[in-house]
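So the structure is just underneath, and the comments pick up after that.
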Amino acid sequence: MSSESSKKRKPKVIRSDGAPAEGKRNRSDTEQEGKYYSEEAEVDLRDPGRDYELYKYTCQELQRLMAEIQDLKSRGGKDVAVEIEDRRIQSCVHFMTLKKLNRLAHIRLKKGRDQTHEAKQKVDAYHLQLQNLLYEVMHLQKEITKCLEFNDSGVSFPNRLAEKYRECLSNKEKILKEIEVKKEYLSSLQPRLNSIMQASLPVQEYLFMPFDQAHKQYETARHLPPPLYVLFVQATAYGQACDKTLSVAIEGSVDEAKALFKPPEDSQDDESDSDAEEEQTTKRRRPTLGVQLDDKRKEMLKRHPLSVMLDLKCKDKVYYVERLNDSVLHLTFYYLMNLNIMTVKAKVTTATELITPISAGDLLSPDSVLSCLYPGDHGKKTPNPANQYQFDKVGILTLRDYVLDLGHPYLWVQKLGGLHFPKEQPQHTVIADHSLSASHMETTMKLLKTRVQSRLALHKQFASLEHGIVPVTSDCQYLFPAKVVSRLVKWVTIAHEDYLELHFTKDIVEAGLAEDTNLYYMALVERGTAKLQAAVVLNPGYSSIPPIFQLCLNWKGEKTNSNDDNIRAMESEVNVCYKELCGPRPSHQLLTNQLQRLCVLLDVYLETDSHDDSVEGPKEFPQEKMCLRLFRGPSRMKPFKYNHPQGFFSHR
Amino acid sequence: MERAVPHAVPLGQMEVFQALQRLHMTIFSQSVSPCGKFLAAGNNYGQIAIFSLSAALSSEAKEESKNPVVTFQAHDGPVYSMVSTDRHLLSAGDGEVKAWLWAEILKKGCKELWRRQPPYRTSLEVPEINALLLVPKENSLILAGGDCQLHTMDLETGAFTRALRGHTDYIHCLALRERSPEVLSGGEDGAVRLWDLRTAKEVQTIEVYKHEECSRPHNGRWIGCLATDSDWMVCGGGPALTLWHLRSSTPTTIFPMRAPQKHVTFYQDLILSAGQGRCVNQWQLSGELKAQVPGSSPGLLSLSLNQQPAAPECKVLTAAGNSCRVDVFTNLGYRAFSLSF
């Protein structure tokens with residue numbers, strides 16, 4: 001069969017479109033002359049069943065040949081090549097057969113499809129005819145019945161209409177009566193509902209579902225200015241959906257809020273009256289320019305009478321006592337009507353009275369606890385650029401002078417109220433946008449909680465540091481050797497200006513890492529006659545932003561990072577390698593671990609001091625730390641890296 | 001390494017961390033490309049930065065020209081030493097020496113051509129390699145560092161041919177005496193040792209700290225830097241910077257510098273040295289201080305003179321040390337500008 005096909009194959013194959021007559025003619029030609037060849041014709045002649053058998057046979061043959069070739073190849077040998085070649089040729093021939101069969105199959109499929117299509121078209125045509133005829137029949141029948149009816153009821157036609165009219169009227173009256181009945185029923189319900197609501201109040205309270213209270217709140221909320229309203233709605237929604245520790249309330253006088261919308265004529269009358277009064281009193285006492293300006297300022301900075309209060313509970317684990325204490329962050333949001341900005345006042349209250357260590361004064365103070373919640377957001381300037389022009393008119397230099405009274409206008413506060421002040425294109429009127437508030441709510445609430453918790457942790461740690469104890473938790477003990485001899489003897493807060501004056505902090509200042517929004521401290525670590533000063537920069541974003549240490553050692557002279565490579569290495573161990581010292585999340589142990597590491601580093605530094613041959617007497621600090629080598633590298637670094645659990649020191 | 005943001009932008013966690021990394025960076029080694037147009041610098045984080053000297057020195061140079069063309073992580077530990085052959089950059093630090101093709105190095109994702117580790121005796125800690133020295137006549141490389149030995153490696157085959165033992169503490173620096181050929185090594189044990197490469201033996205030892213004129217016990221006895229010029233050798237470190245006559249092993253000139261020096265080199269009729277302190281010091285052979293030119297780093301660890309004949313316009317002295325900056329001196333009198341990681 002396959003050899004037949006290969007004989008019949010000619011270079012030119014004409015594909016005619018399924019015309020059997022032509023095909024038959026071609027076939028006879030092919031057998032004799034072999035000029036034209038049509039596969040379509042051949043398809044009609046061949047039996048699909050037999051083709052299928054041929055296909056299976058060919059596949060089997062191929063498999064057999066492949067297996068034989070495989071065997072021959074694995075056997076190897078010289079004569080094998082000829083045999084393999086032979087089989088290869090046979091396989092090629094089989095492939096040809098398969099290809100032909102494939103083509104035939106495609107042609108058969110195409111034929112079948114064409115036939116089906118033709119038949120379908122015919123059926124569609126008949127169907128259409130049928131529809132047309134049926135429609136005509138129906139139409140004619142209608143006409144007939146109409147005529148018949150008309151013939152029947154030609155005389156009484158107007159009566160029918162009258163009947164219909166009477167029917168409609170009676171329907172209408174029925175419906176009206178039904179409405180009346182229902183109205184009465186509803187109005188009878190109202191007092192019953194009220195009594196049920198009253199009765200359910202104690203149940204609501206018991207089940208913590210204060211619907212009544214919420215209802216009242218929503219009543220009050222209607223009088224909020226738009227940014228506070230946006231904040232109220234978004235915060236309430238967030239609290240209900242994601243965070244049960246958040247509670248939202250509205251404070252202030254609703255009447256005053258309502259009074260803001262007095263009709264203009266009244267106020268004009270008032271003005272003219274007051275003008276008249278003023279004229280009379282000018283002779284007696286003219287208000288000074290200063291007082292006038294003061295009043296104008298007060299007017300400009302006036303707050304809306306209503307404010308929104310958010311209370312955030314921050315779970316705070318006291319690490320040396322196994323109890324959970326809840327501290328609360330109270331946030332009061334105000335809206336400054338003439339400036340179109342929002343401000344916030346913050347207060348942190350704790351379950352038990354906190355005794356504030358001296359150095360911890362600024363940690364939780366209302367003025368600074370929320371400073372730089374987002375980097376750079378110091379809340380000392382108005383975020384609305386249009387306010388500057390208003391300020392110029394009344395002689396206000398900056399909002400900074402008033403923040404203690406008015407609250408801080410942080411950028412995140414504006415966002416929570418849906419207010420956005422784009423710098424590039426200052427808007428004429430900025431309106432409160434719910435989606436802006438919603439997109440910032442979750443992140444901001446989480447940042448607020450983290451902030452309060454880290455500040456509370458620091459608060460406790462400072463109390464311990466002031467007593468010369470570096471509080472290292474048990475899960476961080478592995479970072480340090482068992483014996484640490486250097487001790488923290490002093491922990492105090494220092495002013496920003498004092499930090500700038502220190503001679504060993506110039507690098508940090510030049511790198512722009514010592515802004516006035518940071519908190520600054522000085523620690524003193526001592527051992528024997530050696531005194532190590534550490535100036536600490538605490539970024540408000542602690543603990544995600546690490547504290548930065550700069551060192552000055554007084555022992556056999558003064559050593560800082562500019563004249564001693566090992567002091568520089570010690571700074572690097574706490575500043576750059578801080579991630580090792582973070583401890584378990586949320587990294588509240590970072591600062592204390594850094595201080596403890598500083599004590600360990602001082603121990604290593606002092607004990608590995610190379611003994612000066614010219615000086616008499618023993619070393620002040622005998623080496624107790626286990627080190628593989630004392631110095632390494634061109635800078636002759638000391639082994640500052642502690643290896644746990646083996647307990648020896650090595651180089652990074 | 002990313003550029004630091006200017007001060008006006010609020011600093012988030014990433015910016016603060018990068019600023020701290022830059023503040024605590026130390027550049028240990030430098031090497032000029034064979035064409036003379038590029039400078040490689042290696043730092044304590046294991047990174048190598050390639051600077052385009054020709055771009056930074058050209059008249060159209062902008063601020064960006066002072067940044068590296070490419071920076072990549074070369075080693076796990078600090079890159080203490082680098083040298084260049086006529087096609088390769090060789091870098092070493094954390095116990096391994098790696099080779100990079102200068103022709104490929106500017107492309108992103110450049111991989112090392114090969115890496116080799118000398119046969120070390122200790123197994124607890126991998127010793128560092130502090131110094132690399134090319135011996136052109138033998139086509140070999142000498143490595144020395146934490147395991148107190150000098151290893152010679154054939155650059156053709158990569159095989160380690162000799163291990164010269166003698167130092168009792170780790171080795172800081174190497175210098176080559178072309179004529180002989182002999183190698184000088186200076187170490188933490190305070191000795192400068194001469195080795196004959198053909199016999200692989202130590203032929204001379206100078207224990208600098210034992211000479212009263214130059215010893216300074218309060219600094220220690222370590223020899224941090226070495227340079228040699230035919231019969232003369234200059235070395236420094238804990239002891240004072242001293243010029244020695246090699247054949248007679250006598251110190252002929254003591255340079256009055258209190259701060260320990262970490263790098264020294266002969267240049268024309270001068271000796272240049274740098275170490276603790278900001279300045280590059282220029283000395284007359286008589287011992288007089290000709291000039292002291294301050295750089296931008298509080299301490300310097302490496303000096304590099306670009307004397308490649310192919311790029312005379314890039315003939316500069318570059319100095320680097322305890323900062324992320326490489327100072328460029330176009331003439332020895334003043335610092336022209338600084339390149340920065």
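Just so it is clear, the values below take in all heavy atoms, side chains as well, and ignore hydrogens, waters and symmetry mates. Letters A, B, ... mirror the listed sequences (proteins, then strands); counts begin at 1.
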Closest approach of A:Arg636 and B:Asn219, non-hydrogen atoms and distance?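 So the minimum-distance heavy-atom pair works out to NH1-O, 4.4 Å.
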
Is it the side chain or the backbone of [X] that comes within 4.5 Å of chain A heavy atoms, both, or neither?
X: B:Leu301; answer: side chain
X: B:Thr26; answer: both
X: B:Asn322; answer: both

Is the number of heavy atoms from other residues, nucleotides or ligands under 6.0 Å of B:Glu213 CD greater than 12?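 More than 12 within 6.0 Å, yes.
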
So B:Tyr80 and A:Arg632, do their side chains get closer than 4.5 Å, heavy atoms only?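 In contact.
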
Hey, does A:Pro546 have a side-chain heavy atom less than 4.5 Å from the side chain of B:Phe17?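 A side-chain contact is absent here, since even the closest heavy-atom pair is not under 4.5 Å.
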
Could you give the distance from CG (B:Leu23) to CG (A:Leu513), rounded to the nearest 0.5 Å?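 Answer for the CG-CG pair, B:Leu23 versus A:Leu513, is 6.5 Å.
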
Rounded distance [0.5 Å steps], CD in B:Gln276 versus CG in A:Asn563: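 The CG atom of A:Asn563 is 6.0 Å from CD of B:Gln276, to the nearest 0.5 Å.
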
Checking the side chain of B:Gln13 only, and the main-chain atoms of A:Ile545 only, is there a donor and an acceptor separated by less than 3.5 Å?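 Side chain of B:Gln13 to backbone of A:Ile545: no pair is present.
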
Ignoring hydrogens and geometry, is there a side-chain-to-backbone donor-acceptor pair from B:Tyr170 to A:Gly633 under 3.5 Å?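 Pair found, side chain donor or acceptor close to backbone of A:Gly633.
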
Regarding A:Asp565 and B:Lys262, does a basic nitrogen lie under 4.0 Å from an acidic carboxylate oxygen?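 Yes, A:Asp565 and B:Lys262 are salt-bridged.
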
Does B:Glu128 come within less than 4.0 Å of A:Arg629, counting only side-chain N to carboxylate O?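 Result for this pair is yes, salt bridge flagged.
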
